[in-house]
Amino acid sequence: MVVSKRIVLHFPKRLVDRPIVYRLVKDHNLEFNILKALFTQKEEGLMVLEIKGEQKDYDKGIRYLTKSGVKIQALSQDVTRNEERCTHCGACITVCPTGAFELEPLTMRVNFNDAKCVACELCIKACPPRAMELHF
Ligand code: SF4
Ligand code: SF4
C-alpha cells in the first residue's frame, strides 16, 4: 500500500549538514517533497516534508530518521488563532521558529501568518490567554 504523509523533522545542530533526507530516497525507496526548510534561533534545522512510498518503506525510513537522532512530528494537526482571545501581547513572536508572527509597528498588533506555521505547538503554551489552538 502506498502512503503519502506530511511530517515535521527537527534536526539537532550536529545533524544539520548531514545528507540524512537524501538517504530516504537512496536506501528506502521513498519520494519526498520539501515543503519548508529553515533554521531555528537555536540553530536547529526544521524541515516539513511530504513523504510518499510503500508503507513498509515509510516505516523503515521513519525508523532510520529516529535512529539518526531526528525528532519527528506528524503534521496531521493544524494550529489556528482565536482572534477574540488574542490580546496582541507579543509573547508568541520570539518562540515561533518559523516567524509566523509579526508585529505591525504602527498599530502594535501581532499578525499571524498561518502559511508559515508548521504546527510545532510552541506558541500554544507561550500564549497567556490561550488564543492559539490545536485542531486535529
Ligand atoms: S501570545 Fe497569544 S495573545 Fe499574545 S500576541 Fe501571541 S497569540 Fe496573541
Ligand atoms: S505552532 Fe505556533 S510557534 Fe509553531 S510554527 Fe505554528 S505559529 Fe509558530
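Counting begins at 1 with the first residue of the sequence. One-based numbering, in listed order, for ligands and for the atoms of each.
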Spell out, as yes or no, whether a donor-acceptor pair under 3.5 Å connects the side chain of [X] to the backbone of [Y].
{"X": "Thr107", "Y": "Arg109", "answer": "yes"}
{"X": "Glu54", "Y": "Met1", "answer": "yes"}
{"X": "His28", "Y": "Asp57", "answer": "no"}

Tell me, do Ile20 and Val70 make a side-chain contact under 4.5 Å, heavy atoms counted?
->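 Yes; the side chains approach each other to less than 4.5 Å.
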
Numbered atoms and elements of ligand 2 in range of [X], under 4.0 angstrom, heavy atoms:
{"X": "Phe112", "answer": "7 (S)"}
{"X": "Phe101", "answer": "7 (S)"}
{"X": "Ala119", "answer": "1 (S), 6 (Fe)"}

Go through ligand 1 atom by atom and flag the ones less than 4.0 Å from a non-hydrogen atom of [X].
{"X": "Arg81", "result": "7 (S)"}
{"X": "Cys127", "result": "1 (S), 2 (Fe), 3 (S), 7 (S)"}
{"X": "Pro129", "result": "3 (S)"}
{"X": "His88", "result": "5 (S), 8 (Fe)"}
{"X": "Cys86", "result": "3 (S), 5 (S), 7 (S), 8 (Fe)"}

Worked check of salt bridge (Lys or Arg N to Asp or Glu O under 4.0 Å) between Glu83 and Arg81 = CA-CA 6 Å; Glu83 297 299 334; Arg81 183 164 77 174; 3.2 Å; yes

Got a second to check how far Glu44's CD is from Phe11's CZ, nearest 0.5 Å?
->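 It is 11.0 Å, given to the nearest 0.5 Å.
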
For atom 2 (Fe) of ligand 2, what is the nearest protein heavy atom, given as residue, atom name and distance?
->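 The answer is Cys123 SG, 2.3 Å.
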
Nearest neighbour in protein (non-hydrogen) for atom 4 (Fe) of ligand 1 |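 So the nearest neighbour among protein heavy atoms is Cys89 SG, 2.3 Å.
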
Under 3.5 Å, is there a donor-acceptor pair between the Asn111 and Glu104 side chains?
->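 Checked: Asn111/Glu104 side chains pair up, N/O donor to acceptor below 3.5 Å.
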
N/O/S atom of Cys96 inside 2.8 Å of atom 2 (Fe) of ligand 2, strictly under =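 No, since none of the N, O or S atoms of Cys96 sits under 2.8 Å from atom 2 (Fe) of ligand 2.
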
Stepwise side-chain contact (heavy atoms from CB on, under 4.5 Å) test for Ile51 and Asn33 | CA-CA 7 Å; Ile51 300 185; Asn33 189 13; over 6 Å; no

Who's closest to atom 6 (Fe) of ligand 1 heavy-atom-wise, of Cys92, Pro128, Gly90?
->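 It is Cys92 that holds the nearest heavy atom.
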
Stepwise side-chain contact (heavy atoms from CB on, under 4.5 Å) test for Glu121 and Leu134 | CA-CA 8 Å; Glu121 303 177 35; Leu134 184 66; 3.8 Å; yes

Answer side chain, backbone, both or neither: which part of Glu121 comes under 4.0 Å from ligand 2, heavy atoms only.
->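 The part of Glu121 near ligand 2 is the backbone, not the side chain.
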
